[in-house]
Amino acid sequence: MAWSKWSYMDHWVTQTPQGPLPPQFNRAHMDRYLKQLAAAGFTGFDTFFFTLPALAAMYGSLQGFEAKLNEVGMEKITGVFTAYPSATPYTAPHVRETHDRIFADSLRTVQALDGLAVENFIVMPSSTYHQTEPVTDDKIKAMAELWSRVGAMTREHGMKTTCHFEFWGAVRTREQLATFFDYSDPEAVFFFCDTAQHTIAGVDPVELFREYGDRCTGFHFKDTHDVDRNEAYRTPPDPEVMSPGIDRWFYEMGTDGGLVDFPALMKEIVTSGYDGWLTVEHDKADTFGGSYAEATCVAKWYIDNVLAQAQAEVEATEGAAR
Amino acid sequence: MNDALRWAYALNQWNYRMDVFIRHDHQQRALKTVSALGFDHIELAAGMGGRWDNIGRPEVILDNHGDAAGFGRFLAEASVRGVSSHFWDPALPAEETGFAFFMPLDPSQHDAIVAAADPFIAFLASVGGEQLVVRPAPSAWMTGPLDDGAIRLLGSLWNRVGARAQEAGVGLALHYDCLSGIHSREQLEMLLDATDPAVVGLALDTAEFTIGGIDPIAFYRDHSDRVTHVHLKDVREADTGEEYLTPGAEQTMLQGGAGRRIERWFYELGTEGGRVDVKGFVAALRERQYAGWVVVESDHAGEPAEMAMLNSWYVRHELGQKG
């Protein structure tokens, strides 16, 4: 049976009378956007913490927004993403003095989601590498302390705090990841596997899932064509858009030159017994004039025609073994 | 899509300028888009031909893919199973016919038009396509509204093309459009009377009918035996009377260049303020057990993939389509 829990991470840009803008432009555009996602078979909706007020305003409340999701054929908000990519005097996960503020922010976001069945509170565990370096054992320990504290709180609200690592973040290598997971509370801090980010950082997401699968609560399925071999991750202020020689890091599944072995990952996921959401993310899909809508459909085609086959192969093998 | 109705999607909106939609990888993305949205057949549009119209004219398609089987394999790469139909406007000049502006109202050109249809008929037959969809008459602003004599002349032309198509196992469907010299219901019925039902059918475009002031549901109920092809799309405005006669109506009317300056006419199915009763029309198709293709068409209505997604949502969620 085809995987039914596909969600979509919200980065869209659409054409409005005021030019290209996110669909939160107004409710009519947002309604259309949700229908478009539903048409492509997505039933979960992931978004950013800063979008929640706009959604609540457009639909009366977040419950009202979820009712709209149901009306178009989707199920619910599955994940909410929050981050402090820029280290500031107020917020920097590696600086313990800022933790109370980050905890308070997190609590406010999670409280806004009370009453919904959001599963993942997705966080960037660190700020940029160049603002954190030198990355020491103690700085990673500080981050682990912060998210363990936040994670204990979000569990009380029914959500798992799950860490989404960037190739340009301060936790990026296998060794740094191991240190972070060792220091963090396994009951409170989980793993969110972004296939492109790890691949760019030179870490195989399939191997990573194999190692941390028991703590994995979600994925961003997106591709890349390049591994960072020139320390682009240290580029200030933002390696995602300003790395020398790389105009575009992220691609949808199914493009020529993609480096992520999605069928292998899918097989690993099915074999592991993971039964959570799989999320498609298109980050900066409009680079070079690309269309979020077309990227989404191409990714859905890949799900239906390539990943479904990978899943079926595993299930056939398992069926034969039984 | 698993309904008694057969659904296809028109690719014409992706080919919005002469130097786009040329590379195979770009075409594959469009094909995967419609496939992912539940449409496994496509309608092609002839275009102006030549090296940049790689998925329009039959000659150029075959140049690209060798033969019909090669084109079929190209479609299959994107899980698209086939071609429902091919749209051709003989008055639109194409490189393959020497940029001739074929005039269906000029009987001296009928032999040439009949010959020019042959590549389409042969191509459709070879790829398993069912309908050659043609624009039967030029724009009214060029010809004026057509009288009985002119319409009978058109009928004689399309009967000849229809007979040749039938020999090849292909249907011929005359596509009504809102700018054509065949504009009113009476004129359209005259055209049906002037053509042989055995070889000539009608392509009913819900939006074009509505702009032209013809109720698509009522017309379908009265002439369901002649409707062999459907274009399904919505519209928010109708011609107030004689806007279609405005000189250069393709631009002055349909692109808002003059008059009421309406820059966009066509919309996705179920659009807010849409004038087409899409549910009612599809119900009528089901009621009469319509056997042809229902081609959903974005036309000139926004970003192609976004439009396809909205149309797919409507077909599945509002038209009772499974899949």
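Every chain is numbered from 1, with letters handed out A, B, ... down the list of sequences. Please read these numbers as outputs of a predicted model, since none were measured by experiment.
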Legend entry - Structural part of Thr296(A) lying under 4.5 Å from a heavy atom of chain B: side chain
Inset, instruction - Please confirm whether His11(A) and Tyr292(A) have ring centers closer than 6.0 angstrom. - result: no
Legend entry - For chain A, the option from Pro304(B), Ser35(B), Ser79(B) that forms the most heavy-atom pairs under 4.5 Å: Ser79(B)
Inset, instruction - Measure from the ring center of Tyr302(A) to the ring center of Phe221(A) and say whether it is less than 6.0 Å. - result: no
Inset, instruction - Could you check whether the rings of His29(A) and Phe25(A) sit parallel, tilted or perpendicular, using 30° and 60° as the cut-offs? - result: perpendicular
Inset, instruction - Examine Phe219(A) together with Trp277(A) and report whether their ring centres are nearer than 6.0 Å. - result: no
Legend entry - Per-residue contact mode, Gln28(B) against chain A (heavy atom under 4.5 angstrom): neither
Legend entry - Which portion of Glu303(B) sits near chain A, non-hydrogen atoms under 4.5 angstrom: side chain
Inset, instruction - Report yes if the distance between the aromatic ring centroids of Phe192(A) and His220(A) is under 6.0 Å, otherwise no. - result: yes
Inset, instruction - Pick whichever of Ile303(A), Asp256(A), Val298(A), Val72(A) has the most heavy-atom pairs under 4.5 Å with chain B. - result: Val72(A)
Legend entry - Which atoms of Gln15(A) approach chain B - backbone, side chain, both or neither, heavy atom under 4.5 Å: backbone
